[in-house]
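Because the structure is predicted, anything quoted here is derived from the model rather than measured.
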Amino acid sequence: MLMSLLVIILAAHSTMAQQQRYTVSGYVKDKQNGESLVGISIGKPGTAVGTVTNQYGFYSLTLPAGEHELQFSFMGYAPFKTTVNLNTNKTLDVKLESSSSQLNEVTISGQKQERSVNTLNTSINRLDIAQMKKMPTFMGEVDVLRSIQTLPGVTTVGEGAAGFNVRGGNSDENLILLDEAPVYNSTHMLGFFSVFNPDAVKSLNLIKGGFPAEYGGRASSVLDIRMKDGNNQQFNVNGGIGNIFSRLSVEGPLVKDKSSFIVAARRSYIDVLMKPFVKGDMKDTKLNFYDLTAKANYKFNQNNTLFLSGYFGRDVFGIGKDVNMNWGNSTATIRWNHVFTNRLFLNLTTYYSKYDYSLNFSNGNKKQADEELQGYKWTSNIINYGLKPSFTYYINSGSSLHFGVQGIYYTFKPGTGTGTEGEKERVKVLTDKHALESAVYLDHEWKPTKKFGIQYGGRLSAYQLIGKGTAYYYNDTTPGIRKRLTGTETFDANKLIKGYYYFEPRLSARYALNDHHAVKVAYSRTTQFMHQLSNTASPTPLDIWTPSTNNIKPMVADQYTAGYFYNAPNDSYEFSAEVFYKKTDNQLDYIDNANLQLNQYIEADLLPSEGRAYGLELYAKKDIGKTTGWISYTLSRTERKTPGISLDEWFVNRYDRTHNVNLVLTHTFTKRTSLSANWVYASGTPGTYADNRMEFQDWDIPYNSTEKRNNYRLPAFHRLDLSFTLKGKQLKRWKGEWVFSLYNVYGRRNAYSIYFKQNEDDPNKREAVRLSIIGSIIPGITYNFKF
């Protein structure tokens, strides 16, 4: 079906070509450091003819034969104009020089193609590292995930929560990519910091709806993070020293203008700082994280560039010598960019990704030589290998095709538990699972007129659960009750256990009311074949990833989006309003008191659920002037319906926040001083609590008389953060700055959860206690440097 569509589009194009046309193409890079620039506008001034660079800095523009004036421009760079005489296909590489124009009230006319009113995409937010560094910081440190949590439609269940939630989805419904390799745990230190080193990040795209056909495998969002390529002009050293951790990055040319590298590392030292204050059994407590990010590239010639990148990070947490946990991610990516012709571009990516964790308990008395150490160890991991050739064919200035194939091989190791008691050792190993996910996709981006544009296409997804493995079969019982095992079947290596096949249509359309106002609509179907098992609101490092099986169907989400977009005449600010409705089938839910840990028959405790989410997102942003920032407001509702749970009625999801407001402001006083503020307000998250009690043999037993889930909400969440930046004297080879921050300025004790206990003065009374992760002002200071 997709290939037939491709043939039709190409045939239509050939019949429409009435005059001789030629193509100018090439790469756009930063003149100072050689970094490829994404989203740079290339166009003919005074016309709607133009294009933008892709994610690798490549552009292609087909024009009639003759002389044309082209302008290259983007916010933060001085516009560059040149004249090309097209009597044949030409290659034109351009280097743009950074500019301070973003601080002045100026108009850059060549930027129109990248304005929100001119793009086809809906529900996409882009941030670069410069924007992230302006935001207030936690403990003085810039953080990628905290930045995106200020955008509309993005929430968390509370401070210290791992992951994030988009439009009411679970955290496992977000596809997080680092240079195209998936990352399964995106946070350090139980959720307080992200695993992405800001010194190595160039930009990020958060896609919440209207997904291009290239992306698949998750139901809620795509967070596409791109690493810096490295400075190919000169060596630079960047770093920072703060309360919690220090970081250092080195970048420079391997061969000037042809090859570069960047290596960035971080290490926290909370355990070192607290060591003098921890005594007795707690003296060996461990709490730290570290990570290493690296990338290199080599440009063989105008048509071939190779990129190598990787990440390795780990968290270590231990209480004395009795409890020890560690978990971490590893990724490796090889990318090859190849230009077949001026119109046909290839990016071939192959990657490796692994997430693993271990948990150790020990209980021994080393003072007695005759007493054997007793303990327990649990390990688990997920490993995958991927291959993604993706093509872009530029038909003309208003038409392009994006197509490709993708393949991922998964190995799931749900868990191995080893217990020791005296001289005895008991081992419990859950069966490994193997799966193959593949897809072929095609979409056509077409702008027939200045006012109207459309991007349409589809994605054929296939998923096979394969051996070596075991399939389990259960009886159909009353919904909400643990199922009973009726049989098993063993499959040899590479034998098909269960297959699923889906077509995922994608559509985005835009209509411009005039140069400053536009309306957009989008529809997308996404399918998710893997799931994270967690019966807590915030996933922990020990939660299990599992593939779809004969008992667990893939999750399927259909999302509809409509929006209004406005750009001011001088591009000083923009505004958008979007409404969305998302319907999800085959979400995972759990019977009450489900056992998720080292349970070979976990599928007996799982329930299929349907979900729905709908809402309004408002977003206003100001980029020009001494005061910049944005405000976002989300009004939404997220609900579920699970047979056998909550009286078979719809109930609000644990991630539902009816109101969510984020205000981010930065004011630049001088070239050396600036102040940033971030204020967030959100409705409390729902929870299930007892509303009645009964007495039994002098015991006071609380219970939920309504039998409904999430029958109460926590108090509203709100917090103010401030950050002040003082730049030192900017010398030619040394640049430094101090960042002073206050997190939770007015000391709000936001509730992470509520628990109940007996009143100490009157045991007949029970009282509710608010559990707060952070309940005081937290100051931070960091010194950043560059030379």
Side-chain angles (χ1 to χ4, degrees), residues 2-3 5-7 9-10 13 22-29 35-40 42 51-62 89-94 177-182 202-203 205 211-217 222 224 226-227 229 258-260 295-309 332-352 385-397 399-408 437-446 455 457-460 506:
L2 293 178
M3 296 309 297
L5 180 60
L6 173 61
V7 172
I9 293 171
L10 293 177
H13 163 63
Y22 297 103
T23 300
V24 56
S25 63
Y27 289 89
V28 182
K29 297 189 176 183
E35 287 279 351
S36 59
L37 297 177
V38 180
I40 297 296
I42 305 100
T51 188
V52 295
T53 55
N54 66 10
Q55 294 173 325
Y56 315 99
F58 180 80
Y59 76 95
S60 176
L61 186 61
T62 301
N89 293 331
K90 290 190 174 181
T91 298
L92 176 63
D93 292 337
V94 171
L177 301 173
L178 179 62
D179 266 7
E180 302 188 57
K202 177 164 61 176
S203 64
N205 282 353
F211 300 95
E214 175 184 358
Y215 296 105
V222 177
D224 191 352
R226 300 287 168 152
M227 292 169 53
D229 296 331
K258 295 190 66 174
S259 178
S260 62
K295 188 174 183 178
N297 67 86
Y298 187 84
K299 184 177 180 180
F300 293 94
N301 51 46
Q302 182 62 33
N303 296 330
N304 295 280
T305 306
L306 186 68
F307 301 85
L308 304 174
S309 59
T333 304
I334 301 175
R335 293 202 336 258
W336 173 43
N337 287 176
H338 177 66
V339 181
F340 287 98
T341 69
N342 297 72
R343 297 188 183 186
L344 183 59
F345 178 88
L346 163 69
N347 175 67
L348 175 63
T349 299
T350 181
Y351 65 80
Y352 161 86
Y385 303 87
L387 180 66
K388 304 192 301 184
S390 59
F391 299 83
T392 302
Y393 180 68
Y394 300 89
I395 299 174
N396 55 47
S397 60
S399 181
S400 60
L401 290 175
H402 312 276
F403 55 96
V405 297
Q406 299 174 0
I408 309 173
E437 180 182 337
S438 56
V440 56
Y441 68 90
L442 167 69
D443 68 41
H444 180 211
E445 185 175 335
W446 184 38
Q455 184 172 0
R459 179 183 178 91
L460 288 174
R506 310 288 173 88

For W336, which of T350, N304, T349 qualifies under side-chain contact (heavy atoms from CB on, under 4.5 Å)?
N304
Does some side-chain heavy atom of S36 sit less than 4.5 Å from a side-chain heavy atom of K202?
yes
Report yes or no: do S25 and N342 form a side-chain donor-acceptor pair below 3.5 Å?
yes
Kindly check if the number of other-residue, nucleotide or ligand heavy atoms within 6.0 Å of OH (Y385) is above 12?
no
Are side-chain N/O atoms of Q55 and N347 paired as donor and acceptor at under 3.5 Å?
no
Pick from K295, K29, R335: which one makes a salt bridge (charged side-chain N to carboxylate O under 4.0 Å, His left out) with D229?
K295
If you define the side chain from C-beta out and look only at heavy atoms, does anything of Q302 sit under 4.5 Å from Y27?
yes
Rounded distance (nearest 0.5 Å) linking atom CD1 of I42 with atom CG of L92:
9.5 Å
To check you understand the geometry: which heavy-atom pair defines the closest contact between A213 and G458, and what is its length?
CB-O, 3.7 Å
Once the angle between the rings of F58 and Y394 is folded into 0 to 90°, is it parallel (under 30°), tilted (30 to 60°) or perpendicular (over 60°)?
tilted
Evaluate the side-chain contact (heavy atoms from CB on, under 4.5 Å) criterion for residues S397 and T51: first the C-alpha distance (whole Å), next the side-chain angles of each, then the deciding distance (0.1 Å), finally the verdict.
CA-CA 7 Å; S397 60; T51 188; over 6 Å; no
E437: partners by salt bridge (Lys or Arg N to Asp or Glu O under 4.0 Å), with sequence neighbours left out
none
Is there a donor-acceptor contact under 3.5 Å linking the side chains of S390 and H402?
no
Determine the interplanar angle of the W446 and H444 rings, folded into 0 to 90°, and report it as parallel if under 30°, tilted if 30 to 60°, perpendicular if over 60°.
parallel
Shortest non-hydrogen contact from D224 to Y215?
OD2-OH, 2.8 Å
Decide yes or no on side-chain contact (heavy atoms from CB on, under 4.5 Å) for L401 and L442, but give the supporting numbers first.
CA-CA 7 Å; L401 290 175; L442 167 69; 4.1 Å; yes
Return the OG to CD1 distance between S400 and I395, rounded to the nearest 0.5 Å.
7.0 Å
Interatomic distance, CD@Q406 vs NZ@K388, rounded to 0.5 Å, equals 5.5 Å
Does S259 use its side chain to pair, donor to acceptor, with the backbone of N297 at less than 3.5 Å?
yes
Hey, is the main chain of L37 close enough, under 3.5 Å, to the side chain of T53 for a donor-acceptor pair?
yes
With sequence neighbours left out, the residues meeting side-chain hydrogen bond (donor to acceptor under 3.5 Å, both in side chains) with Y22 are none
With the side chain counted from C-beta on, respond yes when L348 and I334 share a heavy-atom pair under 4.5 Å apart, and no when they do not.
no
State whether the side chain of R226 and the backbone N or O of S203 hold a donor-acceptor pair below 3.5 Å, judged by distance alone.
no
For the rings on Y56 and F345, is their centre-to-centre separation under 6.0 Å?
yes
Determine whether the side chains of T333 and D179 contain a donor N or O and an acceptor N or O closer than 3.5 Å.
no
With side-chain contact (heavy atoms from CB on, under 4.5 Å) as the test, would you mind laying out the steps for Y59 and V24 before giving the verdict?
CA-CA 8 Å; Y59 76 95; V24 56; 3.9 Å; yes
Carboxylate-amine/guanidinium contact E214 R459, below 4.0 Å
no
Between N205 and V222, is there a side-chain heavy-atom distance shorter than 4.5 Å?
no
